[in-house]
There are 2 protein chains.
Amino acid sequence: MPEVRSYEAYCSVAKALDLVGERWTLLIVRELMISGPSRYTDLLHGLPGIASNLLVDRLKELEEVGLVNREVAPPPIATSLFHLTDRGHALKPILEELGRWGAPLMENPSGKEAFQSHWLVFPMELHLVDHTPKRPPIKIELRTGEEPMVVETVNGQIRTHRGSADNPNVILEGRPGLILGLLTGRLPLDEARRRGLKLSGDTAVLKRVIPAPD
Amino acid sequence: MPEVRSYEAYCSVAKALDLVGERWTLLIVRELMISGPSRYTDLLHGLPGIASNLLVDRLKELEEVGLVNREVAPPPIATSLFHLTDRGHALKPILEELGRWGAPLMENPSGKEAFQSHWLVFPMELHLVDHTPKRPPIKIELRTGEEPMVVETVNGQIRTHRGSADNPNVILEGRPGLILGLLTGRLPLDEARRRGLKLSGDTAVLKRVIPAPD
DNA sequence: CGGCATCCTCTTTGATACTG
DNA sequence: CAGTATCAAAGAGGATGCCG
């Protein structure tokens with residue numbers, strides 16, 4: 001019974017919010033954007049705090065308005081996958097701007113927020129840059145949260161994904177706020193280390209991707 | 001009593017939505033962005049459908065989190081003005097991306113949505129361009145909704161504001177969907193005219209600001 | 001009028017428990 | 001795993017009242 005409530009206003013911002021302005025909706029889109037096609041329970045885990053029935057409702061609404069498709073997997077798998085349509089993917093700039101605007105709010109973690117390491121994907125690709133794209137690619141492994149993540153340079157682009165690198169140039173380990181602070185250029189390396197960040201490997205390569213201080 | 005509900009997630013998108021993700025919040029910001037410092041009742045009129053108590057709540061929350069300031073006017077005026085802080089203004093890219101994403105949803109008006117002419121400001125500045133900035137500036141008057149609006153070129157920029165132009169190059173009059181369709185390049189001039197748009201003056205100047213068809 | 005506060009009803013959500 | 005079902009709490013919408 002998902003009923004799509006509308007502002008009933010002839011304004012494109014209002015129309016957009018009619019579709020993605022409800023609670024949890026954009027975070028579900030964020031999950032699908034970061035992780036690609038996902039199962040119901042993957043989404044449930046990636047959205048700590050959401051009620052299971054609410055996730056069902058939202059997925060139905062998103063399907064109804066054409067932002068998500070449900071791919072019913074063939075028998076052996078016994079599960080189905082939710083993935084973004086093109087129109088759903090087109091929400092990326094909105095998430096990016098929200099993430100950019102929200103970045104300063106990450107400076108003082110309350111400590112009681114939930115955290116999932118794959119949430120780092122957005123900030124990494126938003127803030128990091130490859131200053132010297134012609135040099136051999138580098139890999140950075142991040143160890144924070146429940147699973148490791150890899151940040152790498154792929155011809156001038158920053159790519160971030162789950163998993164371990166087989167031979168990373170550097171490994172960073174510590175609280176997410178420290179990794180984020182360091183890699184977004186807000187926290188100097190020695191300060192991050194002083195606050196508990198552990199670094200191993202060739203820390204010099206970090207300069208290559210950390211943005212210039214303003 | 002406004003309690004700021006949080007997703008409690010260490011993710012900048014979630015943090016942003018903690019502050020501006022509630023119902024009506026971004027539309028209030030849109031109003032303040034378009035109209036500048038506004039009185040309570042101006043906002044109430046610009047947000048058809050909002051409950052008066054909800055507007056009060058949201059304004060308090062926005063004040064609390066530092067996105068809006070209340071300027072208590074001196075005695076003779078007996079009213080106060082709400083205006084965006086710098087941090088509030090910084091939400092502009094988010095509204096722009098929402099507006100851009102929502103634009104296709106404007107193609108088929110249901111006809112029963114509310115409309116206010118000043119809502120045209122965003123789409124105009126988002127879609128129109130001045131193809132020949134060196135030629136003398138032009139002014140277009142739009143007559144739709146409750147008050148006229150003026151679109152003008154100011155050294156290469158598109159400016160849109162309330163009011164009448166004293167000597168506009170063109171005057172467009174008709175349903176907002178037609179004006180929007182024409183000026184965003186989706187509707188050819190003769191088609192718009194056939195559907196009821198009235199044009200007077202030098203319609204040739206329209207080519208100067210209508211975006212190239214893709 | 002402008003700027004709320006109150007009261008009431010209805011809907012949405014959050015938390016938890018249960019099922020094929 | 002992938003949802004349903006249930007129920008209490010919070011939020012939204014609408015009407016009206018109050019006060020300078």
Side-chain angles (χ1 to χ4, degrees), chain A residues 1-9 14 17-28 31-32 35 37-64 68-83 114, chain B residues 1-9 14 17-28 31-32 35 37-64 68-83 114:
Chain A
M1 310 287 175
E3 197 52 43
V4 191
R5 187 162 46 165
S6 168
Y7 287 108
E8 299 292 354
L17 291 172
D18 281 347
L19 301 190
V20 298
E22 275 176 308
R23 194 164 165 76
W24 291 107
T25 302
L26 279 176
L27 293 183
I28 293 171
E31 278 302 296
L32 291 169
S35 304
S38 310
R39 293 174 305 171
Y40 174 81
T41 32
D42 297 337
L43 293 173
L44 210 53
H45 290 144
L47 297 162
I50 196 173
S52 60
N53 52 0
L54 196 53
L55 177 56
V56 175
D57 284 1
R58 289 290 180 273
L59 286 170
K60 279 184 191 149
E61 289 167 12
L62 284 167
E63 219 181 327
E64 203 168 286
V68 159
N69 270 337
R70 174 192 309 249
E71 183 190 327
V72 182
I77 309 204
T79 184
S80 53
L81 292 177
F82 297 92
H83 57 93
Chain B
M1 341 271 164
E3 198 51 41
V4 191
R5 187 161 46 166
S6 169
Y7 287 108
E8 299 293 352
L17 291 172
D18 281 346
L19 301 191
V20 298
E22 275 177 309
R23 194 163 164 78
W24 290 107
T25 302
L26 278 176
L27 293 183
I28 294 172
E31 279 301 297
L32 292 170
S35 305
S38 310
R39 292 173 303 173
Y40 174 82
T41 31
D42 297 337
L43 294 173
L44 209 54
H45 290 144
L47 297 162
I50 197 175
S52 61
N53 53 358
L54 196 52
L55 177 56
V56 175
D57 284 1
R58 290 289 181 274
L59 285 170
K60 279 184 191 152
E61 289 168 12
L62 284 167
E63 220 181 327
E64 203 168 287
V68 160
N69 270 337
R70 173 193 310 248
E71 183 188 327
V72 182
I77 310 204
T79 184
S80 53
L81 292 176
F82 298 91
H83 58 93

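Every chain is numbered from 1, with letters handed out A, B, ... down the list of sequences.
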Going 5' to 3' through nucleotides 7-16 of chain D and flagging B where a protein heavy-atom sits under 4.0 Å of the base, S where only the sugar-phosphate is that close, and - otherwise, we get ----SSBB--
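Within a heavy-atom distance below 4.0 Å of DNA chain D, the residues of residues 40-48 of chain A found are A/Y40, A/T41.
Scored by the salt bridge (Lys or Arg N to Asp or Glu O under 4.0 Å) test, A/E8 finds B/K112 as partners (sequence neighbours excluded). For B/E71, the side chain to side chain donor-acceptor pair (under 3.5 Å) test picks out no residue, with sequence neighbours left out. Residues satisfying the side-chain contact (heavy atoms from CB on, under 4.5 Å) criterion with B/L19, sequence neighbours excluded, are A/W101, A/L105, B/V65. For B/N69, the side-chain contact (heavy atoms from CB on, under 4.5 Å) partners at least two apart in sequence or on another chain are B/H83, B/T85. With sequence neighbours left out, A/Y7 forms a ring-ring contact (aromatic ring centres under 6.0 Å, His included) with B/W24. Listed by chain and residue number, B/R39 satisfy the salt bridge (Lys or Arg N to Asp or Glu O under 4.0 Å) test with B/D42 (two or more places apart in sequence, or in another chain). With sequence neighbours excluded, no residue forms a salt bridge (Lys or Arg N to Asp or Glu O under 4.0 Å) with B/R5. For A/E22, the side-chain contact (heavy atoms from CB on, under 4.5 Å) partners two or more places apart in sequence, or in a different chain, are A/T25, A/R58, A/E61. Take A/S6 and apply the side chain to side chain donor-acceptor pair (under 3.5 Å) test, not counting sequence neighbours, and it matches A/D18.
We find that CG of A/L55 is positioned 10 Å from C1' of D/dG3, with the value rounded to whole Å. In this entry the distance linking CD of B/E63 with P of C/dG3 reads 13 Å, nearest Å.
Remark: B/K60 is in phosphate contact with C/dA5, judged by side-chain N or O atoms under 4.0 Å from OP1 or OP2.
End-to-end axis angle of the helix from C/dC1-D/dG20 to C/dG20-D/dC1, from C1' rotation axes over five pairs per end: 30° (rounded to 10 degrees).
Inter-residue side-chain proximity for B/I50 and B/L27 is flagged as unmet; no heavy-atom pair is nearer than 4.5 Å.
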